[in-house]
Number of protein chains: 2
Amino acid sequence: MKLLIVEDEKELSKSIVAYLKQENYLCEIAPDFKTALDKTESFDYDCVLLDITLPDGNGLNVLKGLKADNKTDGVIIISAKNSIDDRIAGLNLGADDYLAKPFHLSELSARIAAVIRRRRFDGNKVLVLNELTIDTLAKTVSVNGKGVDLTRKEYDLLLYLVSNKNRVVSKNAIAEHLSGDEADVFDNFDFIYAHMKNLKKKMVQAGCEDYIKSIYGMGYKFDI
Amino acid sequence: MKLLIVEDEKELSKSIVAYLKQENYLCEIAPDFKTALDKTESFDYDCVLLDITLPDGNGLNVLKGLKADNKTDGVIIISAKNSIDDRIAGLNLGADDYLAKPFHLSELSARIAAVIRRRRFDGNKVLVLNELTIDTLAKTVSVNGKGVDLTRKEYDLLLYLVSNKNRVVSKNAIAEHLSGDEADVFDNFDFIYAHMKNLKKKMVQAGCEDYIKSIYGMGYKFDI
DNA sequence: GCATTTATTCAGAATCCCTTCAGAATTGTA
DNA sequence: TACAATTCTGAAGGGATTCTGAATAAATGC
């Protein structure tokens, strides 16, 4: 899962990233709105944390732009002001949640998880796909009730495929969702091949039907 | 353990928080029902203290909403009225306990502990997990009937893992749970490694299966 | 206030797994 | 069929992560 943190206070964004990294999120930082729009333009983040009180403009306009583009990104507004009006304005413009500073990082993390669940999995915490069960809260995967041990990348990969089930996802999209650093990914999908192979092997060994289909020249599809 | 205190009287909520912090609870305050619903939406608290006589609505409706969402939170109603009817209404709507103002903080604390125990462990004060037995009242642990001496932190750690059994818990969550205040704990999980090592060693030495699994890059899981 | 236990920090060791690579297999095209 | 492009496979290096034992700091109990 990839997040964009739009925040100018370096200290804050740093500790946010440190915390969320532990929670297995890939994070990028935009210190101002311009950078933020730039980044969201070229990539669909799973969730954007938006501080609406940055020096270079009105955050609510940025939010409007984000939502107008029909982006799939979830947005959580972070604000120093906790006025009801601001809150309502933000949520009316399509924000998925609102969090007043200061906040506990654990609460931020919980809300991010909630937003992503809502947007990607209809709010379901546990995904059941025939014999395959993915518990996104427990971060466990099981086939016919028996646990399957996956590494983080394998788990992330599976979750990404499932969240796009019955759709072809390109290797570019996969690469961007799995790799921390932006860019440099193109031209080398070897790591995807490797993870894909290991994931498929583990799933099949666990007795799961091989739902992951490789579509030559296009990408992959979780076919169910 | 994380609590939500829904209360508009600042003085009262402050002293409640001060007291409960001493008891190692993490507390958040919601001064009105709207905030309360917001917070419970995205986070499962161990227990919610709900003053049902706030300006912005009917607390019993809030309670109803809380329980309708199938939240796992325990709820203790706090009320200035001590009529039998109110009490019955509250408990009928699924509240776990009812406390009339004014109350002693020590009594509040005791009831919170009771509610959490009841909800977490289905009312069991003694947890039995195969050869492992944990008495949450006496705070003692035994394996095959023979006592195991754990330090306070080790006990807390074990109980936390057990209360999240079969789930992966992040080091962030563990750190928060063990250290109480959310300080700059991240970036240094050495103390977790140390406690974990000592706990595991003691358990295994006592003849307990090593249920605590380390999940590389994700956290730990009490796998049973 | 002192002795003892407990909690945390530290550095080096051990482990895991992510990525890369080279060669093989598969698919699509001519 | 032959060839090129793409994908798969197994193995290995190296970086990140976790473990360990010991030292230091803090807390507890007498």
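Numbers restart at 1 for each chain; the letters A, B, ... are given by sequence-line order, proteins then strands.
Closest of all the heavy-atom pairs between A:Gly74 and A:Val115 is CA-CG1, 4.0 Å.
Nearest-nucleotide positions on DNA chain C for A:Leu178 and B:Asn198 put B:Asn198 closer to the 5' end.
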#### Entry: Under 4.0 Å protein heavy-atom contact, by nucleotide of nucleotides 4-15 of chain D - B base, S sugar-phosphate only
-BSBBBB----B
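Looking at A:Lys202, its side chain does come within 3.5 Å of a backbone N or O of A:Asp149 through a donor-acceptor pair. The backbone N or O of A:Val162 lies less than 3.5 Å from no partner atom in the side chain of A:Arg120, so there is not a single donor-acceptor pair. Remark: the backbone N or O of A:Leu137 is paired with a side-chain donor or acceptor of A:Asp135 at under 3.5 angstrom.
Across the protein-nucleic acid pair, B:Lys153 atom NZ and D:dA25 atom C1' stand 14 Å apart, rounded to whole Å. Residue B:His195 contributes atom NE2, which lies 17 Å from atom P of D:dT18 at whole-angstrom precision.
For B:Ser170 and A:Glu23, the side-chain atoms include at least one donor-acceptor pair closer than 3.5 Å.
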Might you list the N or O atoms of the protein lying below 3.5 Å from N or O atoms in nucleotides 28-30 of chain D, with each pair's distance?
none

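The 12-atom threshold is not exceeded at NZ of A:Lys201, counting heavy atoms of other residues, nucleotides or ligands nearer than 6.0 Å. More than 12 heavy atoms of other shown residues, nucleotides or ligands fall within 6.0 angstrom of atom NZ in B:Lys200.
The side-chain tip of A:Lys2 points at the ring of A:Phe43 from less than 6.0 angstrom away and within 45° of straight on.
By the 30° and 60° cut-offs, the orientation of the rings of B:Tyr211 relative to B:Phe222 is tilted.
You can see that DNA chain C meets the heavy atoms of chain B within a 4.0 Å-exclusive cut from C:dT6 to C:dC17, reading 5' to 3'.
From B:Leu49, atom CG reaches atom CD1 of B:Ile77 across 11.0 Å, with rounding to the nearest 0.5 Å.
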